[in-house]
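So the structure is just underneath, and the comments pick up after that.
As the structure lists them, so they are numbered: ligands from 1, and atoms in each ligand from 1.
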Amino acid sequence: MSDTIPAPIPFVDIPGQVRRLRDRIDARVRRVLDHGQFILGPEVRELEQALSDYVGGAHVVTTGSGHDAILMGLMAEGIGPGDAVFVPAFTFVSTAEAVASVGAVPIFVDVDEHSFTMDPLDLERRIAKVRRDGTWRPRAVMPVDIFGMPADYAALGAVAGAAGLFLLSDAAQSFGGTIGNQRVGRLAHATMTSFFPAKPLGAAGDGGALFTDDPARADTYRRLRNHGQDARGECLSVGLTGRLDTLQAAILLVKLEAFPDDLIRREAAARRYDAALARHVAVPHRPADTTCAWALYTILSDRRDAIRAALAAENIPSRVYYEQALHLHAAFAASSEGPGSLPVTERLGQRNLSLPIHAELDAATIDRITAIVAAAAG
Ligand SMILES: Cc1ncc(COP(=O)(O)O)c(C=O)c1O
């Protein structure tokens, strides 16, 4: 350990990325300030087209946040009171909160211990149990592409399909990920992502998007994000104020241009971490034929707290996502089976640690981090 504490390094270097793109962002923002169409201005449509091109042709409806997108994804299917939506508990609160907000119940499914994403076998068991109990009506399955790694949509889609359930993808963390030649956005009936600033494709504020291959469903999303109104202004069903600001769309257009290169930088950082750490901790699992957007780079170790302390002593940030799984939060007690009901999820909470990852992270900084992690992990 050094005598003087080095300057802090960012966990996600958002100002660094903005510096790199600043001229183009300024020009785009200036144009919006000049035309003044701050709500559903031309950049919103332009971004939706650019996102559609990026994912290979899905219909895209941008939203005020990833959470709004999930709400609308559920509302569009008429999911509400009496309905059950199967979700992982190893995720950010928004996943289950959105389900509860539309009046349905989140039924928690355990995750695979390697990929950290929804376990298809446990999904099958939980669907059968809900059907047996008869209290709630199974309606949909919503896996989460945790940390940026797409879930196993082939297996999960097969279970959902056999049970007649709709497949939504909480892809808040995984925009830019792929399975085979399909990008996130094309892997489920409906996909919701987030442009929260720290996400792989981040705005300068809140933002999100819905993706679907079904034009009628996209029309419904467009209506829902604008108070449920149709083109004539009639409110056909209750909706939200769920629109992406034009200014955010303008900034995202610049960031989307840089996105393929950012993903390459993130992948290079992840590979450098893997190479240095694989002998010391469990490094992220890479399912066959799948690429990750690296929203987070997350290791597992029984010495997690010692690693964390060693990094903190050198002014290096690390975070635990997620220490308290959602089935243990008071808000979800009604449908939770309590402690011990999701053993893999609960074990992950004790052992996971996320290290800095972003497109500005240089090799020397990664080497500094991995040296500390390796020494503390033993
Ligand atoms: C897994 C997951 N779902 C949903 C959300 C909600 O996205 P937002 O913050 O844009 O509302 C987030 C991110 O914050 C997330 O990580």
(request) Please say whether more than 12 non-hydrogen atoms of neighbouring residues, nucleotides or ligands are located less than 6.0 Å from CG in Asp23. (result) no
(message) Nearest 0.5 angstrom please: Phe90 CZ to Asp110 CG, how far?
(response) 10.5 Å
(message) By the definition ring pair (Phe, Tyr, Trp, His ring centres under 6.0 Å), identify the one residue from Tyr153, Phe166, Phe211 that meets it with His189.
(response) Phe166
(request) Decide, yes or no, whether a salt bridge links Arg24 with Glu257 under the criterion of side-chain N to carboxylate O below 4.0 Å. (result) yes
(request) Can you tell me which residues line ligand 1 if we count any heavy atom under 4.0 angstrom from one of its atoms, in chain and number order? (result) Ser65, Gly66, His67, Ile70, Thr91, Phe92, Ser94, Thr95, Val144, Asp170, Ala172, Gln173, Ser194, Phe196, Lys199, Gly207
(request) Taking atom types as modelled, find out whether Thr246 and Glu43 have a side-chain donor-acceptor pair closer than 3.5 angstrom. (result) no
(message) Would you say Arg225 and Thr63 are linked by a side-chain donor-acceptor pair, where the criterion is simply a distance under 3.5 Å?
(response) no
